[in-house]
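Written below as structure tokens is the structure these notes are about.
Predicted, not measured: the structure shown is a model, and the values here were computed from it. All ligand and atom numbering here is 1-based and tracks the order in the structure.
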Amino acid sequence: MLEPVTCKLCGKQSKQKCAGCLSVSYCSREHQKLDWSSHKNACCSFTINEVAGMGRCLTARREIRVGEVVLRERPLASGPPQVTGPVCLGCLNGLQGPGVDCPRCGWPMCSSACAASPGHRPECHWAQVKRKEKVKISNFTTPHPTYACITPLRLLYAKHTDSKLWAKISSLESHPEERKKDGKWEQERFAVAKLLRRFYKLEEEVTEDEILEICGIIQINGHEVPLSEPGTISLYWKGSLLEHNCRPNCSKSFTESGDLLIRAAVAISRGERLSICYTDALWGSPSRMIHLQQTKYFQCRCKRCSDVTEFGTYFSAISCTDSDCKGKLLPPSFFNLGSNWSCSKCSSSVDESRVTEVLSKVAVQLVEVDKKSATSCKNFLQSTRDLLPENHFQRVEVKLALVQLIGQSSGGLATVSDEWLTIKESLARELIALSALLFPAECRLRGVVYFELHAAVAERARREASRGGDTSVPEHLLETRNYLESSISQLKYEPQSLPEGKICKQGIQNLKDLDKLLQAMNVSTFSSL
Ligand SMILES: C[S@@+](CC[C@H](N)C(=O)[O-])C[C@H]1O[C@@H](n2cnc3c(N)ncnc32)[C@H](O)[C@@H]1O
């Protein structure tokens, strides 16, 4: 494609490109500013393109810096999850009892403001003009089947009222053939399609298959947004085109108002495709692969899945069964299960049933761990030390709980023993190193662990200084400051209503206090934020 060399506004020759997209040029800053209101919707750092076997995806049209926001997008539609008890159809929070009935349609809401919210219009409108009878919900304690119809109904409403919105929704992938094969199609015919048509008297407006197609769109593209309890299911347009990778280059967050926010977790080169993780990056390879195959219908072939050692972390390996050998057992590939697992150091090899036996034994122990007790977590780590490599996903899960637990009791970190403080600090360092390698896009996890590391290092510095033996207090404080800045930069987009947003707020306050202290000590700082 030829690069434009003339000013988008006046056509004169120009050399300055828009730094956001590098796809348009201007002769001057004035013309760029004048054109911004028209260009801002088209200005972005990626293009949409098609890749064989994968469909549409997003490709960087220029280099993207770490932390740069590449996409911020309002949802196309939102609604409750398929299985839920009664929720307010305005804010989508769970209802414990009847609350306020919508005066027009009868759906229970938490307030009259929620009853008037635009999100509630689809089911409210059709209850009035089609059902012609108020909705009555009387059981607030168990999952309620009619709520399974709400999100599909909201998408369907777009088909009848907003052709532009419907064009975007209906172009999203829905994998109908795969859903027919694995039984989801028929399952939802009864749980959603028949119920929706009957309950809303929409038999003439929509067929069961149309509803089932919509259910597929929700299954393949829906994001669970944790801003309400239970979570909300939201669909986004460009956000749906991001491909999956088990070590993605982008982090995903949601703003307080439910916008999707995608930013670069690592530096991204021009021409690289943008990715997020559709599954849980903290699961082992077999579980991630099975989950993706069963819910999104593709076999992941990313670098992490193709490398059984997962970049040398041995995240899904088990320890060699010869207790003197410090090697790790792994299969030749996770793509075809059934082969023997061989040791990375000696000639030992075991069949898969032995691996299953070890993992089941550990899984039983894991269920018994009290994730609110530091001692219980520590005991699990001790008892699995010989069975699993240090970075095994089951150990990592417990390490993450433990690093946050130490110092959480009433007296705070100041009251924990030196031994526990050392454990906290070394766990935090370990988890940060592992996450940088294996899941750099897990911004919430990384932000929380950096926060814990800053707290541990600050407390150690305080103890050393109060014992009078340490002369490097400023260095320790500067180290703490770096961890605080890293925590804030990972968490700065998290909503204040979520625990991670609260940690970020605390981090900002701690940084201010620390800077005052450093200023009083005449120590100069450099901020990367
Ligand atoms: C949310 S959609 C992504 C957009 C989709 N490519 C499109 O054109 O609408 C998810 C689907 O994209 C495909 N996909 C995404 N990431 C993939 C990957 N890493 N490998 C293969 N297919 C992938 C799969 O078909 C998956 O079900």
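Classified by interplanar angle (parallel below 30°, tilted 30° to 60°, perpendicular above 60°), the ring pair H160/W126 is perpendicular. Using cut-offs of 30° and 60° for the angle between ring planes, the H244 and F298 rings count as tilted.
Using a 4.0 Å cut-off between a side-chain N of Lys or Arg and a carboxylate O of Asp or Glu, R395 and E390 qualify as a salt bridge.
Proximity of a side-chain donor or acceptor of E352 to a complementary backbone N or O of G338 within less than 3.5 Å is detected.
If you run side chain to side chain donor-acceptor pair (under 3.5 Å) between S174 and each of Q219, R179, E213, only E213 comes through. When each of K238, R72, K252 is paired with D259, the salt bridge (Lys or Arg N to Asp or Glu O under 4.0 Å) condition holds for R72 and for no other.
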Extract all N/O-N/O pairs under 3.5 Å that connect ligand 1 to the protein, and present each with both atom names and the distance rounded to 0.1 Å.
{"from": "ligand 1", "atom 1": "6 (N)", "to": "M54", "atom 2": "O", "distance (Å)": "2.7"}
{"from": "ligand 1", "atom 1": "6 (N)", "to": "R56", "atom 2": "N", "distance (Å)": "3.4"}
{"from": "ligand 1", "atom 1": "6 (N)", "to": "R56", "atom 2": "O", "distance (Å)": "2.9"}
{"from": "ligand 1", "atom 1": "8 (O)", "to": "R56", "atom 2": "N", "distance (Å)": "2.8"}
{"from": "ligand 1", "atom 1": "8 (O)", "to": "R56", "atom 2": "NE", "distance (Å)": "3.2"}
{"from": "ligand 1", "atom 1": "9 (O)", "to": "R56", "atom 2": "NH2", "distance (Å)": "2.9"}
{"from": "ligand 1", "atom 1": "16 (N)", "to": "H244", "atom 2": "N", "distance (Å)": "3.0"}
{"from": "ligand 1", "atom 1": "19 (N)", "to": "H244", "atom 2": "O", "distance (Å)": "3.0"}
{"from": "ligand 1", "atom 1": "25 (O)", "to": "H175", "atom 2": "NE2", "distance (Å)": "2.9"}
{"from": "ligand 1", "atom 1": "27 (O)", "to": "H175", "atom 2": "NE2", "distance (Å)": "2.9"}
{"from": "ligand 1", "atom 1": "27 (O)", "to": "K296", "atom 2": "O", "distance (Å)": "2.6"}

